[in-house]
J.: 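Below you'll find the structure I mean.
Residue numbers count from 1 along this sequence. Everything numeric here is computed off the predicted structure, so don't read it as measured data.
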Amino acid sequence: MSYRIVSPPEAPALAELMRAYYAFDGHDFDEPRVRCTLADFLNSPDHGRAWFIEADGVVAGYMVICFGYSLSFGGRDAFVDEIYLHEPFRGRGLGRDALTFMIAEAERLGIKALHLEVNEHNVPAQRLYSSLGFQRGRFRLMSRPIS
């Protein structure tokens with residue numbers, strides 16, 4: 001298993017993985033918006049990182065962290081924005097390995113806290129995240145899109 005940072009010219013390949021993830025997780029996929037957002041994200045390393053997850057000689061999935069800053073956590077933090085593995089690669093420990101890699105990279109980048117969301121129905125993911133030290137906070141994340 002290996003990880004490779006997604007380069008700007010690889011945005012279309014990442015968009016196709018995102019399409020599969022969004023279908024799996026029940027999100028709307030707005031292709032023009034995704035392509036525009038990816039162009040900005042991949043050309044601005046200060047926004048975060050995206051990696052392809054490679055296994056068995058192919059791209060098995062992807063993962064993305066987005067950077068922020070937290071006074072509560074004492075500095076730069078990051079959000080696990082997306083992590084996805086194609087069906088044949090699930091249940092083989094690749095998600096655990098990928099998150100372990102991401103945690104190490106976050107530490108190397110000076111990140112003080114790593115956050116993520118998980119669907120209530122995704123119990124296997126909740127168990128995985130808990131086993132890697134993620135904890136349910138006492139606050140509930142709420143979001144409001146702007147424009």
Side-chain angles (χ1 to χ4, degrees), residues 1-11 13-31 33-55 59-86 89-147:
M1 193 150 119
S2 62
Y3 310 96
R4 183 168 53 82
I5 288 183
V6 180
S7 67
E10 295 174 305
L14 181 54
E16 287 309 308
L17 286 166
M18 290 173 68
R19 180 189 307 277
Y21 166 58
Y22 286 29
F24 168 77
D25 217 28
H27 300 290
D28 291 331
F29 185 81
D30 180 342
E31 188 164 349
R33 185 172 142 277
V34 165
R35 291 194 185 275
C36 181
T37 303
L38 279 180
D40 180 40
F41 182 82
L42 295 175
N43 283 294
S44 303
D46 57 317
H47 289 331
R49 299 286 184 281
W51 295 272
F52 286 126
I53 302 167
E54 298 177 331
V59 173
Y62 74 101
M63 57 188 171
V64 176
I65 59 172
C66 296
F67 300 145
Y69 199 88
S70 171
L71 298 177
S72 299
F73 286 101
R76 197 172 187 196
D77 65 349
F79 201 93
V80 179
D81 196 47
E82 298 185 2
I83 183 165
Y84 173 76
L85 289 168
H86 286 303
F89 297 97
R90 296 181 201 147
R92 297 174 35 188
L94 276 68
R96 173 177 300 283
D97 290 345
L99 283 165
T100 300
F101 169 83
M102 184 187 288
I103 292 165
E105 283 296 292
E107 185 175 357
R108 185 184 68 75
L109 292 165
I111 303 299
K112 303 295 184 191
L114 197 55
H115 315 283
L116 56 74
E117 289 179 299
V118 60
N119 279 329
E120 287 294 324
H121 72 273
N122 196 341
V123 175
Q126 291 175 43
R127 282 195 299 266
L128 170 62
Y129 301 149
S130 292
S131 75
L132 290 169
F134 288 89
Q135 303 169 11
R136 185 179 301 267
R138 36 179 244 254
F139 300 105
R140 180 177 298 260
L141 177 67
M142 298 174 70
S143 303
R144 182 194 187 283
I146 306 292
S147 66

J.: For side chain to side chain contact (heavy atoms under 4.5 Å, CB included), just list the numbers for V64 and I83, CA-CA rounded to whole Å, side-chain angles, deciding distance to a tenth of an Å, and then say yes or no.
T.: CA-CA 6 Å; V64 176; I83 183 165; over 6 Å; no
J.: Checking side-chain polar atoms at under 3.5 Å, does R96 have a donor or acceptor matched by the opposite partner on S131?
T.: yes
J.: Verify, without hydrogens or angle tests, whether N43 (side chain) and A39 (backbone) share a donor-acceptor contact under 3.5 angstrom.
T.: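 Looks like yes, one N/O pair under 3.5 Å.
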J.: Can you see whether Y22 engages E82 through a side-chain donor-acceptor pair at a distance of less than 3.5 angstrom?
T.: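 Yes, a side-chain donor-acceptor pair sits under 3.5 Å.
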J.: When you look at R49 and V6, which way does the side chain to side chain contact (heavy atoms under 4.5 Å, CB included) test go after all the steps?
T.: CA-CA 8 Å; R49 299 286 184 281; V6 180; over 6 Å; no
J.: Output the distance between atom CE (M102) and atom CG (L114), rounded to the nearest 0.5 Å.
T.: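 Going from the CE atom of M102 to the CG atom of L114 covers 7.0 Å.
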J.: What I'd like to find out is whether the side chain of H115 reaches to under 4.5 Å of the side chain of F134, using heavy atoms alone.
T.: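 Of all side-chain heavy-atom pairs linking F134 with H115, none is under 4.5 Å.
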J.: Determine whether the aromatic ring centres of residues F101 and Y3 are separated by less than 6.0 angstrom.
T.: yes
J.: Contact between V80 and Y129 at the side-chain level, heavy atoms closer than 4.5 Å - yes or no?
T.: no
J.: For a side chain to side chain contact (heavy atoms under 4.5 Å, CB included) check, start with the C-alpha distance between Y84 and F24, then their side-chain angles and the critical distance, and finish with the verdict.
T.: CA-CA 9 Å; Y84 173 76; F24 168 77; 4.2 Å; yes
J.: Output, in order, the C-alpha distance, side-chain angles, deciding distance and verdict of side chain to side chain contact (heavy atoms under 4.5 Å, CB included) for M1 and E54.
T.: CA-CA 6 Å; M1 193 150 119; E54 298 177 331; over 6 Å; no
J.: Verify whether the ring centers belonging to H27 and Y21 lie closer than 6.0 Å.
T.: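 Ring centres of Y21 and H27 closer than 6.0 Å.
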